[in-house]
Amino acid sequence: MNIGDLRNKQAVFEGIRQDRQSHYRKLERLRNDFVKLFPLSRIATLTFEEYVEGKKINGKLNTNSFCYWVEWTTKELGKMQGARADKFGLYCDKKTQEYKFLKKFANANVALSSIKTEISSLIQFATNASLKDIKNIELSPMLKGKILFLYNPDRFINIFSEGH
């Protein structure tokens, strides 16, 4: 490839990039909506219904929970589907509507309390760029990565696999 070919490809790419600017602005508004709905100050006070995915309210799936927003509402900002719901540490069984949690927790209350503490710490460590502390957070790599990106897109990219 010569410099002329490279310049032509650059011009084509720039046109595509410019055409997508409105889409990028829409995605940034969505990310901002998430952060406004779930600011750090709110994390510690989230109830089961406000945190878990899978809970039905008045017979309809709750689409306003933290986990629903992380996985589904913001999926254009990075997909994390394909893994089981236990990636959140705590979830609501869609059939039985019972809370399920990882075996490392004694009960659902302990699970929710621990997870909220870990999420709050993660957000604070990310703000301070404390990578060693971030690595020690006990959340699934997928959840940890998505939260890092949603709250700090200038510092973290939307790749949620620990290996990547």
Side-chain angles (χ1 to χ4, degrees), residues 24 26-164:
Y24 297 148
K26 177 188 138 220
L27 293 177
E28 181 58 15
R29 281 191 301 273
L30 178 64
R31 192 196 65 75
N32 281 320
D33 289 347
F34 171 81
V35 174
K36 287 176 187 172
L37 187 58
F38 299 103
L40 174 59
S41 60
R42 183 172 175 216
I43 300 298
T45 63
L46 291 175
T47 65
F48 284 98
E49 292 78 16
E50 292 169 333
Y51 176 74
V52 299
E53 183 177 54
K55 183 72 176 171
K56 291 182 181 175
I57 298 176
N58 298 324
K60 290 187 174 184
L61 184 65
N62 178 14
T63 59
N64 292 313
S65 71
F66 180 88
C67 292
Y68 190 92
W69 267 77
V70 167
E71 184 164 13
W72 299 104
T73 306
T74 62
K75 72 180 176 184
E76 280 192 88
L77 294 167
K79 293 181 182 176
M80 56 184 291
Q81 293 89 6
R84 298 184 335 225
D86 63 1
K87 67 186 166 235
F88 296 115
L90 172 71
Y91 64 97
C92 186
D93 184 284
K94 288 181 182 177
K95 291 180 184 175
T96 66
Q97 289 295 287
E98 293 177 11
Y99 293 113
K100 303 289 185 175
F101 48 90
L102 296 177
K103 292 178 182 178
K104 70 180 181 177
F105 300 118
N107 58 52
N109 288 319
V110 170
L112 181 61
S113 178
S114 297
I115 292 165
K116 291 188 304 185
T117 298
E118 292 292 297
I119 291 171
S120 295
S121 296
L122 177 64
I123 296 167
Q124 290 171 339
F125 294 152
T127 301
N128 300 327
S130 180
L131 297 179
K132 181 182 176 191
D133 291 325
I134 287 170
K135 188 169 178 70
N136 292 328
I137 291 291
E138 293 189 24
L139 297 171
S140 73
M142 193 175 286
L143 179 59
K144 189 188 303 188
K146 184 82 179 252
I147 291 170
L148 286 170
F149 172 73
L150 288 171
Y151 286 92
N152 292 280
D154 295 336
R155 289 195 173 152
F156 299 94
I157 59 174
N158 51 350
I159 296 175
F160 315 128
S161 166
E162 190 170 30
H164 292 130

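The line from CG of N32 to CD of E28 is 4.5 Å long, rounded to the nearest 0.5 Å. Distance CD/Q97 to SG/C92: 4.0 Å, rounded to 0.5 Å. E53 CD to L61 CG: the interatomic distance, rounded to the nearest 0.5 Å, is 7.5 Å. Within the model, atoms CG of D154 and CG of N152 stand 8.0 Å from one another, a figure rounded to the nearest 0.5 Å. For the atom pair N64 CG and E49 CD, the distance stands at 12.5 Å (nearest 0.5 Å). Note that the OG atom of S121 and the CD1 atom of I137 stand 5.0 Å from one another [nearest 0.5 Å].
Of all heavy-atom pairs spanning F48 and A108, the tightest one is CE2-O, 3.5 Å. Heavy atoms only, all atoms of each residue included: N107 and N109 are closest at OD1-N, 3.0 Å. The heavy-atom pair separating P39 from K36 by the smallest distance is CD-O, 3.2 Å. Between T47 and L112, the closest heavy-atom pair is C-CD2, 3.9 Å. Here the closest non-hydrogen pair linking R155 and A126 is NH1-O, 2.8 Å. Here the closest non-hydrogen pair linking S120 and A44 is OG-N, 4.2 Å.
Side chains of K116 and T45: a donor-acceptor N/O pair is absent below 3.5 angstrom, by distance only.
With hydrogens and angles disregarded, no donor-acceptor distance shorter than 3.5 Å links the side chain of S130 to the backbone of K132. In this structure, S140 contributes its side chain and K87 its backbone to a donor-acceptor pair below 3.5 Å.
Test Y151, F66, Y51 against F38 for ring pair (Phe, Tyr, Trp, His ring centres under 6.0 Å) and you get one pass: F66. Each of V70, I43, L46 was checked for a side chain to side chain contact (heavy atoms under 4.5 Å, CB included) with I119, and the lone residue meeting it is I43.
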| request: Kindly indicate, with the supporting measurements, whether the criterion side-chain contact (heavy atoms from CB on, under 4.5 Å) is fulfilled by K56 and N62. | output: CA-CA 5 Å; K56 291 182 181 175; N62 178 14; over 6 Å; no
| request: Could you go through the side-chain hydrogen bond (donor to acceptor under 3.5 Å, both in side chains) check for T74 and K146 one step at a time? | output: CA-CA 9 Å; T74 62; K146 184 82 179 252; 3.1 Å; yes
| said: As a quick check of understanding, evaluate side-chain contact (heavy atoms from CB on, under 4.5 Å) for W69 and L30, giving each step before the final call. | reply: CA-CA 10 Å; W69 267 77; L30 178 64; 4.0 Å; yes
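Two residues are said to be in side-chain contact when any heavy atoms from C-beta on lie closer than 4.5 Å; Y68 and K55 fail this criterion. The closest side-chain heavy-atom distance from L102 to F105 is below 4.5 Å. Residues K144 and E118 form no side-chain contact, since every pair of their non-hydrogen atoms from C-beta on lies 4.5 Å or further apart. Under the 4.5 Å side-chain criterion, counting only non-hydrogen atoms from C-beta, D86 is in contact with Y91. Taking the side chain as every heavy atom from C-beta outward, F88 and K100 never approach each other to under 4.5 Å.
Look at K26 and E76 and you find a salt bridge, because one of the NZ, NE, NH1 or NH2 atoms lies within 4.0 Å of a carboxylate O, short of that distance. Between K79 and E71 there is no salt bridge, since no side-chain nitrogen of the basic residue lies less than 4.0 Å from a carboxylate oxygen of the acidic one. Between K95 and D93 there is no salt bridge, since none of the side-chain N atoms of the basic residue sits less than 4.0 Å from a carboxylate O of the acidic one.
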